[in-house]
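Okay, structure first, notes after.
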Amino acid sequence: MANTIKNYINGQYENPINSNWLDNYDPSNGEIYGKTPNSSKEDVEQAYLSAQSAFEQWSQTTLEERSRILLKISEGIESQLDALAEAESKDNGKPISLAKSIDIPRAASNFRFFANAITQFASESHESVGQNAINFTLRQPIGVVGCISPWNLPLYLFTWKIAPAIAAGNCVVAKPSEVTPMTAYMLGEICNKAGLPKGVLNIVHGLGTTTGQAIIEHPNIKAISFTGGTATGAHIARTAAPMFKKLSLELGGKNPNIIFADCDYDAMLRNTIHSSFANQGQICLCGSRIFVEKSIYEKFKNDFVEKVKQLKVGHPAKADTDIGALVSKPHLEKVLDYINIAKQENGTILCGGNRITVNGHENGYYLEPTVIEVPNEHCRVNQEEIFGPVVTIMPFGTEDEVLQMANKVKYGLSATLWTNDLNRTMRMSNQIQAGIVWINTWLMRDLRTPFGGVKASGVGREGGFEALRFFTEPKNVCIKFK
Ligand code: NDP
């Protein structure tokens, strides 16, 4: 079968040892279009052994050489932009325009960024004045590390972990989501062409509960970088803690988008459409709770709903599609369940709320972009992560009131503020419980900045030198001299 995905171990494509396969679905039409390994513990062990045997040499490879290879991988991704974007769009259901402009370019940037960052990464020294001693910190690679990523931004998030891990001299056992394995599969060949030594990167495909589980409970995989749901993150933490693994957990979000009357209204409206519905709302950073100052609430409500109704839901491969298909049938059903919960909780569906049929693709997982006016901030649709094209809106009176409502969720990933009052910007940025605060913008990313959340949105930070710190062990060396 043309679309048979294989594991990438020791630089070779391999079938799963147990010959077990999973179906791979095309969300745009609900059809099976390929198969992917349902890898077992034995495959993970092979991947581990391959990584382990590559480690000694890779960890001693000069920074210049590592950087050169990472840059080549970046160029390899860029040279296959169209093929990778098509594969990502087909596997995930996202509009091809988004895959081409965001997902794949960002995967290339991840490698380019860490190729450069590793050459600038420095460690500290401390002179113990008056004691004739100097301390310095060695930053050593950890060994074999595990990288596990979700389906929403497949290659983008997969490479966000792999690039710093290998730049820092580690060898990797990585697992993409089994729902979207295709671009991770294609990455293997790109790495081979770029001259990445065999075994530095190993990719095993399969279910989280089997393949992923084998990675997190492997006694010699010393660190896990995970992006995914909060419940999975808690399970990984429980499993890894007794083995004292290093953990970076990037988890769910329920991010507030707070709109004050003094904002630049047109820019806010334009951006709020994106922050609500980009990638079918399946971005952990989407502003899924919209709070609007009372004086402009009715105007915003009318303008926003009118714009949302104009969004074109369609086949992901069409150039004019704004909203493609949701990633899977179970996910579509979960999002529809939340729309029903909203109705039971006296929410008002201002637009959307229904599954859509796209001509010629009747079994695809399409959903209208949905805006729900909620009666209070406590209701479930305002508290729980839906992760689909669904936002809630409600008015607020004062800054204090909206701050309380914004913070009253278990999550703390990101927040967006729309205001031109600099003092308010500072007051609120200080007090909002989130790892990232955007003022008058959304999803503007500089890869040097720390990325991650607080509360149930995760532990640790990735991005820039934070990622290189995560993927290295600091060792203090103290020298006494005469
Ligand atoms: P999941 O937590 O279900 O899965 C994430 C990854 O973990 C997948 O590769 C999955 O495998 C794997 N996995 C599942 N169970 C285990 C296990 N027991 N051991 C090891 N690995 C396991 O999340 P989704 O894929 O559904 O992604 C959506 C979630 O990701 C949302 O909550 C979203 O907010 C969050 N997310 C967070 C981001 C952040 O940066 N904070 C960014 C993007 C998304 P498989 O899929 O094959 O079962």
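Model, not experiment: these values are computed from the prediction. In listed order, ligands and their atoms are each counted from 1. Heavy atoms only: backbone and side chains are in, while hydrogens, waters and symmetry mates are out.
- Relative to the ring axis of Tyr33, Lys90 places its NZ or CZ within 45° and under 6.0 Å from the centre.
- Cation-pi geometry between Arg106 and Trp160 is satisfied (NZ or CZ under 6.0 Å from the ring centre, within 45° of the ring normal).
- Among protein heavy atoms, the minimum distance from atom 46 (O) of ligand 1 is reached at Ser177 OG, 3.0 Å.
- Residue-ligand proximity: Ile215 is placed with every non-hydrogen atom at 4.0 Å or more from ligand 1.
- In summary, the atoms of ligand 1 found under 4.0 Å from a heavy atom of Glu178, numbered by their order in the structure, are 45 (P), 46 (O), 47 (O).
- Interface of Lys175 with ligand 1, defined as ligand atoms under 4.0 Å from a residue heavy atom, comprises 9 (O), 10 (C), 11 (O), 45 (P), 47 (O).
- For ligand 1, the atoms lying closer than 4.0 Å to a non-hydrogen atom of Thr232 are 1 (P), 2 (O), 3 (O), 13 (N), 14 (C), 15 (N), 16 (C), 22 (C).
- The contact set between ligand 1 and Leu157, taken as ligand atoms under 4.0 Å from a residue heavy atom, comprises 42 (C), 43 (C).
- Heavy-atom contacts of Trp151 reach the following atoms of ligand 1: 24 (P), 25 (O), 26 (O), 27 (O) (cutoff under 4.0 Å).
- Results of the side-chain hydrogen bond (donor to acceptor under 3.5 Å, both in side chains) test with Asn24 over Asp91, Thr180, Thr36 single out Asp91 as the only residue that passes.
- Among Ser414, Gly212, Ser149, the residue whose heavy atom lies nearest to atom 6 (C) of ligand 1 is Ser149.
- Contacts between Ile216 and ligand 1, counted as non-hydrogen atom pairs separated by less than 4.0 Å, involve the side chain only.
- With values rounded to the nearest 0.5 angstrom, His361 atom NE2 is found 9.5 Å from Glu31 atom CD.
- Rounding to the nearest 0.5 angstrom, the gap separating the CG atom in Asn220 from the CD atom in Glu45 is 8.0 Å.
- Atoms of ligand 1 lying under 4.0 Å from at least one heavy atom of Gln213, given by number and element, are 17 (C), 18 (N), 19 (N), 20 (C).
- In this structure, atom 1 (P) of ligand 1 has protein heavy atoms in its sub-4.0 angstrom surroundings.
- Lys246 contributes a side-chain N or O that, together with a main-chain N or O of Phe470, makes up a donor-acceptor pair within less than 3.5 Å.
- Listed by number with element, the atoms of ligand 1 under 4.0 Å from a non-hydrogen atom of Asn152 are 43 (C), 44 (C).
- Ring-plane geometry between His218 and Tyr48 is classed as tilted, the angle between the planes lying from 30 to 60 degrees on a 0 to 90 degree scale.
- Looking at Cys147, Gly228, Gly206, Cys284 and measuring to atom 35 (C) of ligand 1, the nearest heavy atom belongs to Gly228.
- On a distance-only criterion, Glu385 and ligand 1 share at least one N/O pair closer than 3.5 Å.
- Taking only nitrogen or oxygen atoms, main chain and side chain alike, Pro150 does not reach within less than 3.5 Å of ligand 1.
- The number of heavy atoms from other shown groups lying within 6.0 Å of NZ (Lys455) is above 12.
- Closest to atom 22 (C) of ligand 1, if we only count protein heavy atoms, is Gly208 CA, 3.5 Å.
- Ligand 1 lies within reach of Pro176, whose nearest heavy atom is under 4.0 Å from it.
- In this structure, the protein non-hydrogen atom closest to atom 28 (C) of ligand 1 is Phe387 CE2, 3.7 Å.
- Under the ring-ring contact (aromatic ring centres under 6.0 Å, His included) rule, Phe465 has a single partner from Phe121, Phe114, Phe451, which is Phe121.
- Between Tyr8 and Tyr185, the gap from one ring centroid to the other reaches at least 6.0 Å.
- Using cut-offs of 30° and 60° on the angle between ring planes, the pair Trp151 and Phe387 is perpendicular.
- Distance from atom 7 (O) of ligand 1 to its nearest protein heavy atom, with residue and atom name: Phe226 CE1, 3.1 Å.
- Between Thr230 and ligand 1, a contact under 3.5 Å exists for no N or O pair.
- His205 contributes atom NE2, which lies 11.0 Å from atom CG of Asp43 (distance to the nearest 0.5 angstrom).
- Side-chain contact check for Glu42 and Gln46: no donor-acceptor pair (N or O, by modelled atom type) lies under 3.5 Å.
- Not a single N or O atom of Ser457, backbone or side chain, sits closer than 3.5 Å to an N or O atom of ligand 1.
- At a 3.5 angstrom cut-off on N or O pairs, Gly229 counts as close to ligand 1.
- What sits closest to atom 37 (C) of ligand 1 on the protein, heavy atoms only, is Leu251 O, 3.0 Å.
- Atom numbering of ligand 1 starts at 1 in the shown order; those under 4.0 Å from a heavy atom of His235 are 18 (N).
- Note: Asn382 CG to Ile372 CD1 = 9.0 Å, rounded to the nearest 0.5 Å.
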